[in-house]
Chemist: 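Before anything else, here's the structure in question.
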Number of protein chains: 2
Amino acid sequence: MNENNLQKRKKTPPAGKLKIMDSLRSLLETKEFGAITTAEIAKTAGVTEALIYKYFNDKRDLLHQVLREYLEEYMVRFGLDLKGIKGSLNKLRKLIWVHFHTYSSNRVFARILLIEVRNHQDYYASETHKFVKKYADMILDIVEEGMENGEIRSDIPAKMIRQGILGGIEHICLTRVVFGREIEPDVLTDDLCELIFSGIANRGK
Amino acid sequence: MNENNLQKRKKTPPAGKLKIMDSLRSLLETKEFGAITTAEIAKTAGVTEALIYKYFNDKRDLLHQVLREYLEEYMVRFGLDLKGIKGSLNKLRKLIWVHFHTYSSNRVFARILLIEVRNHQDYYASETHKFVKKYADMILDIVEEGMENGEIRSDIPAKMIRQGILGGIEHICLTRVVFGREIEPDVLTDDLCELIFSGIANRGK
DNA sequence: TAGTTTAGGTTATTAAAACTCACTTGATCT
DNA sequence: AGATCAAGTGAGTTTTAATAACCTAAACTA
């Protein structure tokens, strides 16, 4: 009973719930969320439709929880990836690369984040969205650190810089995700960093 | 009859169609598209639901046509706004300002473009989307012109530069649109241009 | 000018999809 | 042994997008 309590927090979720989430993930590989029906989700999960509503408030909540799992996983990785890197610009470069790489290797995750959740008000109030905010904060911290140590100009608002970085990444990936085109982290990172770090104005005379 | 032919192309659309489009525009001021029902649209238009399907293939087609009207209007304006400006960077600056200003003064337009259409495959194949592509081409032309005349570095792909600009603008506006916050073209343009033109790296030694 | 077509619109219905409710079954606690 | 509970089901209800069939008045044609 005591050890039961210990396990209580991380008790493995019931089989049905897992199957439902897996089912949606798999369907999202070929279809957009709006075109996936609850009947379809239940069927490929081998479960009844009603069970979805046992574990999720509604269809979008299911989507949010799927996204959330991805986010939890990737946030941990992101933190580790930045460890041991010296220099704010170097950190930003690494972060951009990892961001591209993550989208590149998990299209479903990219789809959800770039396309499927944005258009619903309640996403921005959701628990899931907090992870995204935490990530955005991380970027802001790096930028501010760079301003303090002199690596980064401090006459552009840090938040604007963050938005430039995120906006760039996401706009680049959006069309690629929509049309199923390849995302190449290496070249994209080089080009985007060149753009963000040095600007487009030709200063070579 | 002959003069009838002349007018045929630009005949004013029937009252019902106009009322339906107005109705959606007005509803979009307070609600997201997904939460607006066809019944609601018809009711505020003072028209029956079936009439919507006389003039539009489906609910999304109505949305696309509303967006299209905005785009037609703004594209003309954009072309004029750039006339008489010397220098590619100056043109880009003006374009960015106008872009911000347009979103700032027409939130419904901004909403549709930033939030409501992206998540549907068929938008990217629609007639409406061609206007957006035309706009994107315009930016690309300016960038390439700048590369030729030496104002803009040519070691970053022009398309990457375009994506940086558009991505920056849209990411900046997205949160503001979602949360109904103000968009201030003047300061945003200054900051974004500084970022894009000169980069964030501190080069003052 | 009588007859026919057409544009603009409506009434009534359908089909599909999201969501609910009342219930079963088997395991666990006391 | 009886109560409680978690996991899951079957059979609905409701909402909403979409259609089909029909009406009416104006415009065209012969």
Side-chain angles (χ1 to χ4, degrees), chain A residues 1-24 27-28 31-66 116-117 119-123 126, chain B residues 1-24 27-28 31-66 116-117 119-123 126:
Chain A
M1 187 193 288
N2 242 344
E3 64 182 319
N4 216 336
N5 258 335
L6 277 177
Q7 296 191 312
K8 199 162 258 174
R9 349 207 87 219
K10 290 267 175 179
K11 187 112 124 299
T12 60
K17 184 171 184 184
L18 292 177
K19 281 193 284 179
I20 290 167
M21 294 179 82
D22 278 342
S23 163
L24 177 59
L27 288 169
L28 277 171
K31 265 188 168 181
E32 51 195 71
F33 181 67
I36 298 171
T37 69
T38 51
E40 214 174 347
I41 296 170
K43 194 178 169 192
T44 67
V47 147
T48 51
E49 233 174 309
L51 194 63
I52 295 173
Y53 295 92
K54 196 80 154 196
Y55 299 117
F56 308 96
N57 298 325
D58 54 22
K59 199 182 147 197
R60 289 203 86 82
D61 183 42
L62 164 57
L63 179 66
H64 289 167
Q65 289 202 39
V66 165
E116 305 292 7
V117 290
N119 59 327
H120 237 75
Q121 201 65 257
D122 58 354
Y123 163 67
S126 72
Chain B
M1 186 193 290
N2 242 344
E3 65 180 320
N4 215 336
N5 256 337
L6 278 178
Q7 295 190 313
K8 200 160 260 175
R9 347 208 89 216
K10 290 266 174 179
K11 185 106 127 302
T12 60
K17 182 172 184 182
L18 293 177
K19 280 192 288 182
I20 290 167
M21 293 179 83
D22 278 343
S23 162
L24 177 59
L27 287 169
L28 277 171
K31 264 189 169 180
E32 52 196 70
F33 182 68
I36 299 171
T37 68
T38 50
E40 214 174 350
I41 296 170
K43 194 177 169 191
T44 68
V47 145
T48 51
E49 229 174 313
L51 195 63
I52 296 173
Y53 296 91
K54 196 78 155 199
Y55 298 117
F56 308 96
N57 298 328
D58 54 22
K59 201 183 146 197
R60 290 203 87 82
D61 183 42
L62 163 58
L63 179 67
H64 288 166
Q65 289 202 37
V66 165
E116 305 290 6
V117 290
N119 60 328
H120 237 74
Q121 201 65 255
D122 59 353
Y123 162 66
S126 73

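Order of the sequence lines sets the chain letters (A, B, ...), proteins ahead of strands, with each chain counted from 1. These values consider heavy atoms only, across backbone and side chains, with no hydrogens, waters or symmetry-generated copies. These figures come from a predicted structure and were not determined experimentally.
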Chemist: Would you mind reading off the distance between A/L63 atom CG and C/dA18 atom P, rounded to a whole angstrom?
Modeler: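 For the pair A/L63 CG and C/dA18 P, the rounded distance is 13 Å.
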Chemist: Rounded to the nearest angstrom, tell me the gap between atom CG in A/L51 and atom C1' in D/dA7.
Modeler: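 Taking CG of A/L51 and C1' of D/dA7, I get 7 Å after rounding.
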Chemist: Which one, D/dG8, C/dA18, C/dG9, comes nearest to the side chain of A/K54?
Modeler: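 So the side chain of A/K54 is nearest to D/dG8.
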Chemist: Tell me every residue that passes side-chain hydrogen bond (donor to acceptor under 3.5 Å, both in side chains) with B/K31, counting only those two or more places apart in sequence or in another chain.
Modeler: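 Applying side-chain hydrogen bond (donor to acceptor under 3.5 Å, both in side chains) to B/K31 gives B/E40.
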Chemist: Return the residues of residues 34-47 of chain B meeting this criterion: a heavy atom under 4.0 Å from some atom of DNA chain D. Order them by number, or give none.
Modeler: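 Heavy-atom contacts with DNA chain D come from B/I36, B/T37, B/T38.
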Chemist: Once you round it to whole Å, what is the distance between P of D/dA18 and CD1 of B/I52?
Modeler: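 Those two atoms, CD1 and P, are 10 Å apart.
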Chemist: With B/E32, which residues qualify under side-chain hydrogen bond (donor to acceptor under 3.5 Å, both in side chains), at least two apart?
Modeler: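 Partners of B/E32 by the side-chain hydrogen bond (donor to acceptor under 3.5 Å, both in side chains) criterion, ordered by chain and then number, come out as A/H120.
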Chemist: For A/L18 and D/dG8, give me the distance from atom CG to atom C1', rounded to whole Å.
Modeler: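 Computing the A/L18:CG to D/dG8:C1' distance gives 15 Å.
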Chemist: Could you tell me how far apart B/D61 (CG) and D/dA17 (C1') are, to the nearest whole angstrom?
Modeler: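 Value for this atom pair: 14 Å.
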Chemist: Among residues at least two apart in sequence or on other chains, which ones pass salt bridge (Lys or Arg N to Asp or Glu O under 4.0 Å) with B/E49?
Modeler: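 In terms of salt bridge (Lys or Arg N to Asp or Glu O under 4.0 Å), with neighbours along the sequence ignored, B/E49 is linked to no residue.
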Chemist: Please identify each residue that fulfils side-chain hydrogen bond (donor to acceptor under 3.5 Å, both in side chains) with B/S126, with sequence neighbours left out.
Modeler: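 Here no residue qualifies.
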Chemist: Looking at the side chain of B/Y53, which of D/dA18, C/dC19, D/dG8 is the nearest nucleotide?
Modeler: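 The nucleotide sitting nearest to the side chain is D/dA18.
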Chemist: For A/T48, enumerate each residue passing the side-chain hydrogen bond (donor to acceptor under 3.5 Å, both in side chains) test, keeping only those at least two apart in sequence or located in another chain.
Modeler: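 With neighbours one apart ignored, the set is empty.
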Chemist: From CG of B/D58 over to P of D/dT19, roughly how many Å is that when rounded to an integer?
Modeler: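 In whole Å, D/dT19 P lies 8 Å from B/D58 CG.
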Chemist: Please report the interatomic distance CG(A/L62) to CD1(A/I20), rounded to the nearest 0.5 Å.
Modeler: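 Nearest 0.5 Å value for the CG-CD1 distance: 7.5 Å.
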Chemist: Compile the donor-acceptor pairs under 3.5 Å between side chains in residues 51-59 of chain B and protein atoms, sequence neighbours left out, one pair per line.
Modeler:
unit_1	atom_1	unit_2	atom_2	d
B/D58	OD1	B/R60	N	3.3
B/D58	OD1	B/D61	N	2.8
B/K59	NZ	B/F33	O	3.4
B/K59	NZ	B/I36	O	2.8

Chemist: Are OP1 or OP2 of C/dG9 and a side-chain N or O of B/Y55 less than 4.0 angstrom apart?
Modeler: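 So the side chain of B/Y55 is within the cut-off, an N or O lying under 4.0 Å from OP1 or OP2 of C/dG9.
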Chemist: Roughly how many Å is it from CD1 in A/I20 to P in C/dA18, rounded to a whole number?
Modeler: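 Taking atom P of C/dA18 as the reference, CD1 of A/I20 is at 14 Å.
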Chemist: Could you pull out the protein-nucleic contacts involving nucleotides 11-14 of chain C (nitrogen or oxygen on both sides, under 3.5 Å)?
Modeler:
none

Chemist: I'd like to know whether A/T12 forms a side chain to side chain contact (heavy atoms under 4.5 Å, CB included) with A/L18, so could you lay out the CA-CA distance, the side-chain angles of the two residues, the decisive distance to 0.1 Å, and finally the verdict.
Modeler: CA-CA 9 Å; A/T12 60; A/L18 292 177; 5.8 Å; no
Chemist: Could you work out which one of C/dA18, C/dG9, D/dA7 sits closest to the side chain of A/P14?
Modeler: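 Selected nucleotide: D/dA7.
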Chemist: Where do B/I41 and B/S23 come nearest, in terms of heavy atoms and distance?
Modeler: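 The answer is O-OG, 2.8 Å.
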